Colleague: 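This is the structure I want to talk about, given as structure tokens.
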There are 2 protein chains.
Amino acid sequence: MTTLSDVAKKANVSKMTVSRVINHPEQVRDELKTSVFNAMRELDYRPNVAAKALVNNRTQIIKLFILEDMDTTEPYYMNLLTGISKELGKEQYALQLVTEHHFDIGGCDGYIVTGMRHSDYEWLQRLERPVVLFGENRLEFDYCDTDNTLGTKMATEYALKQGYQQVIFIGINVKEPFEYSREAGYMMTMQKHQLPTEIKRFSNHSHLAMEYIQSQWSQLKPNTCFVCASDRLAFGVEKALNLFNADIPNDFGVIGFDGVFLNQVATPKLTTVQQPIFELGVQCARMLLAKIAKDGQPQGIEQLAPTLSIAGSTRNDNL
Amino acid sequence: MTTLSDVAKKANVSKMTVSRVINHPEQVRDELKTSVFNAMRELDYRPNVAAKALVNNRTQIIKLFILEDMDTTEPYYMNLLTGISKELGKEQYALQLVTEHHFDIGGCDGYIVTGMRHSDYEWLQRLERPVVLFGENRLEFDYCDTDNTLGTKMATEYALKQGYQQVIFIGINVKEPFEYSREAGYMMTMQKHQLPTEIKRFSNHSHLAMEYIQSQWSQLKPNTCFVCASDRLAFGVEKALNLFNADIPNDFGVIGFDGVFLNQVATPKLTTVQQPIFELGVQCARMLLAKIAKDGQPQGIEQLAPTLSIAGSTRNDNL
DNA sequence: GGATATGGTGTTAACGGTAACAGGTTTAAG
DNA sequence: CTTAAACCTGTTACCGTTAACACCATATCC
């Protein structure tokens, strides 16, 4: 391993100058800078992360708290993790997963928290390092999330554009901001078109949505589209409709929300609000690193636009 | 942050003694040891990872290479990651994900590699730090994996025990050890019972298995069980059988392999060979840490027994 | 009883990097 | 032309930990 000293010798300067070229390049003459850069290249210099961490009192570790039960949303996370990890890797940060609320053994430079519920608020506030949430909140935490309202707006607009006369919203019965936002997108769009709204809510399990459709089958009118707050619920709706040999997408449309895995295995494949999970991971990481660099200053919020992934569960102009 | 020196002062010894209590306790008198332990507890001492890493020329980072396309096996990985991460965390190691073959920027103390294909052999061999594979291989790499042969043995035995007269194996057409092992478990069991074997192979996509069943439907005899090399294929088989309103599980049985997510969303839920993915992650990590501690010495292989998760896609004595 | 091992502890010098300060040179101002 | 400010670069000390060695007791041997 080549060190600062090696580079310094090769470039005929002191260690300190080399260090400055890396961290405060504006303080060094251009002439020296180029010769230092050359030396670094020739020797294939890579800074020693541990040494830097030691002197800066950093750990180069970011902890990712996954507070919700992973099994319920599992496929989701891999993309998030990949995004976070990729971005952190660029700055030589490493990731540590924390799934239980076990004690914070070993330090870290910051936290990314996902699946926060309102009850977690208290202990999150006590954390002594910068925190960024993945997922909307109405508190003062910095966060990244999909633009949930935009997502259901897009879904509802699309359903109407495809000519479905009734649009029913199948929501998740949790009192969390992301759900409110998704419902809001639906409501706003329906009101804009002066149409009546109808919202049903269930725990996020496919069989509940399925049972609902089964119980309501006789009252369902054709030409209805179900805009769902998750792919899970949409999956259940579709399964139930299939049981009655309903004509999807001509008589009934189904639109999910998430776009991770489940929409792919449904038959027909689900039209869904595709969240940019990977990019959200990248953004979370970026925001956290910025916050660390700026000594914990608030970084605000970042909402990324989802895309509507169109598949066989809704009518489609273009087919 | 309390340091070694703080502890040393409190216990009236030198830093070195404290360090020895941690790393070479056998070299320290019991009397001193206890007083050092007390001091550590009172001051809530946590070793500084960066300092330790610096002096030991370690990074405390493990890289996880995910070589296969994640989208195909996605739900799988979260459990693996959690297992690995949990175990690494205990020893203050952090994880770095590497999904593209991008350059090995920044060092690490070891690698865990998953999704290795035969073509990756060459560059893997060149890695300069200890490597442990997740997944069978017939080369000299240390690895952890499910006992694949045992898995299909269990599945096939179970199918026969439930009285299915024909058992057909639906395999994945890749030339990889895990597939050979799964086929072997099926073959051995059938031969043991002196029954004829039948193996079909497809790429690991549900629609291919689905199309196969559809094309063969007229020739399929009731009382047949399909033992599949993946839940994906099993899912396809089941979907096709459902299309014909076949009686699952009475006329046809379906058994998958993996037990991550997909088996849960199938209707009826899939009986499947449940891999202990989380534990495999833990084992991988443990093996790698042992290898690092022993300066890269081979650690052999570790095959964990899967369990048969019984659900509605097969007949069941107990129901 | 003096030489020789043995076990337990402290001292010193690194590991690779950076902040803070010191010192030298150039530029600008009066 | 002097003096102060601005600019660059080097020196020193330290971040927290450990290996290697030095040292001093005590136990062991002939």
Side-chain angles (χ1 to χ4, degrees), chain A residues 1-40 43-61 91-94 105-109 292-293 295, chain B residues 1-37 39-40 43-61 91-93 105-109 292-293 295:
Chain A
M1 271 285 97
T2 71
T3 71
L4 268 191
S5 305
D6 300 331
V7 177
K9 253 175 239 160
K10 184 119 193 166
N12 281 315
V13 295
S14 71
K15 288 201 301 181
M16 206 47 224
T17 301
V18 180
S19 172
R20 270 193 277 256
V21 169
I22 297 169
N23 300 299
H24 310 285
E26 75 285 357
Q27 300 179 4
V28 181
R29 261 184 19 232
D30 287 1
E31 193 188 331
L32 282 190
K33 245 185 285 188
T34 53
S35 82
V36 167
F37 276 131
N38 287 337
M40 293 202 305
L43 298 173
D44 189 30
Y45 170 71
R46 319 274 185 93
N48 181 313
V49 183
K52 183 178 269 194
L54 176 60
V55 73
N56 290 336
N57 196 25
R58 291 270 162 80
T59 61
Q60 299 296 121
I61 289 174
E91 309 261 356
Q92 296 282 3
Y93 273 84
I105 189 167
C108 69
D109 296 343
I292 291 170
D295 212 38
Chain B
M1 269 286 96
T2 71
T3 71
L4 270 191
S5 305
D6 300 332
V7 177
K9 253 175 239 158
K10 183 120 194 164
N12 280 316
V13 295
S14 71
K15 290 198 299 181
M16 205 49 223
T17 301
V18 180
S19 172
R20 271 193 277 256
V21 169
I22 296 168
N23 300 297
H24 311 284
E26 75 285 355
Q27 300 178 6
V28 181
R29 261 181 22 229
D30 286 0
E31 196 188 331
L32 282 190
K33 246 185 287 190
T34 54
S35 82
V36 167
F37 276 131
M40 293 201 305
L43 298 174
D44 189 29
Y45 170 71
R46 318 274 184 95
N48 180 312
V49 183
K52 184 179 267 194
L54 176 60
V55 74
N56 290 335
N57 197 25
R58 290 270 162 80
T59 61
Q60 299 297 119
I61 289 174
E91 310 261 356
Q92 296 282 0
Y93 273 85
I105 190 165
C108 70
D109 296 343
I292 291 169
D295 210 40

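None of these values were measured; they are calculated from a predicted model. Proteins get letters first, then strands, A, B, ... in listed order; numbering begins at 1 in each.
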Colleague: Could you state the atom-to-atom distance from CD of A/Glu31 to P of D/dC7 in whole Å?
Modeller: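 These atoms are roughly 18 Å apart.
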
Colleague: Collect all protein-nucleotide pairs involving nucleotides 22-24 of chain D in which both atoms are nitrogen or oxygen and the distance is under 3.5 Å.
Modeller:
none

Colleague: Does the B/Gln92 side chain pair with the main chain of B/Gln60, one donor and one acceptor, at a distance under 3.5 Å?
Modeller: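 No, because the side chain of B/Gln92 does not come within donor-acceptor range (under 3.5 Å) of the backbone of B/Gln60.
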
Colleague: Does A/Asn57 have more than 12 heavy atoms from other residues, nucleotides or ligands lying within 6.0 Å of its CG?
Modeller: no

Colleague: What's the CZ-C1' distance between A/Arg58 and D/dG16, to the nearest Å?
Modeller: 17 Å

Colleague: Going by side-chain contact (heavy atoms from CB on, under 4.5 Å), A/Val21 matches just one of A/Val28, A/Val13, A/Val7. Which one?
Modeller: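 Among the candidates, only A/Val28 passes.
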
Colleague: Should we say atom CG of B/Asp44 is surrounded by more than 12 heavy atoms from elsewhere, each under 6.0 Å from it?
Modeller: yes

Colleague: Quick one: side chain to side chain donor-acceptor pair (under 3.5 Å) partners of B/Glu31, sequence neighbours excluded?
Modeller: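 Residues passing side chain to side chain donor-acceptor pair (under 3.5 Å) with B/Glu31: B/Arg29.
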
Colleague: Would you sort out whether B/Asn23 and B/Lys52 count as a side-chain contact (heavy atoms from CB on, under 4.5 Å), showing the intermediate values?
Modeller: CA-CA 11 Å; B/Asn23 300 297; B/Lys52 184 179 267 194; 4.1 Å; yes

Colleague: Strictly under 4.0 angstrom, non-hydrogen atoms only: write out the protein contact profile of nucleotides 10-22 of chain C, one letter per nucleotide from the 5' end, B, S or -.
Modeller: BB---BBBBBB--

Colleague: Nearest whole angstrom, please: distance from the P of D/dT26 to the CZ of B/Arg29.
Modeller: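 Rounded to whole Å, this separation is 11 Å.
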
Colleague: Taking the side chain as every heavy atom from C-beta outward, state whether B/Thr17 and B/Ser14 have any pair of such atoms under 4.5 Å apart.
Modeller: yes

Colleague: Does anything in residues 1-17 of chain A pair up under salt bridge (Lys or Arg N to Asp or Glu O under 4.0 Å), and if so which pairs, sequence neighbours excluded?
Modeller: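 Every salt bridge (Lys or Arg N to Asp or Glu O under 4.0 Å) pair that includes a residue of residues 1-17 of chain A, provided the two are not neighbours, is A/Lys10-A/Glu42.
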
Colleague: Quick check on the helix from C/dG1-D/dC30 to C/dG30-D/dC1: what's the angle between its two end axes, five base pairs per end, to the nearest 10°?
Modeller: 50°

Colleague: Only counting residues at least two apart or in another chain, list the ones meeting side chain to side chain donor-acceptor pair (under 3.5 Å) with B/Asn48.
Modeller: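 By the side chain to side chain donor-acceptor pair (under 3.5 Å) rule, B/Asn48 matches no residue at all.
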
Colleague: Would you say the side chain of A/Glu91 lies within less than 4.5 Å of the side chain of A/Ile292, judging by non-hydrogen atoms?
Modeller: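 A side-chain contact under 4.5 Å is absent here.
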
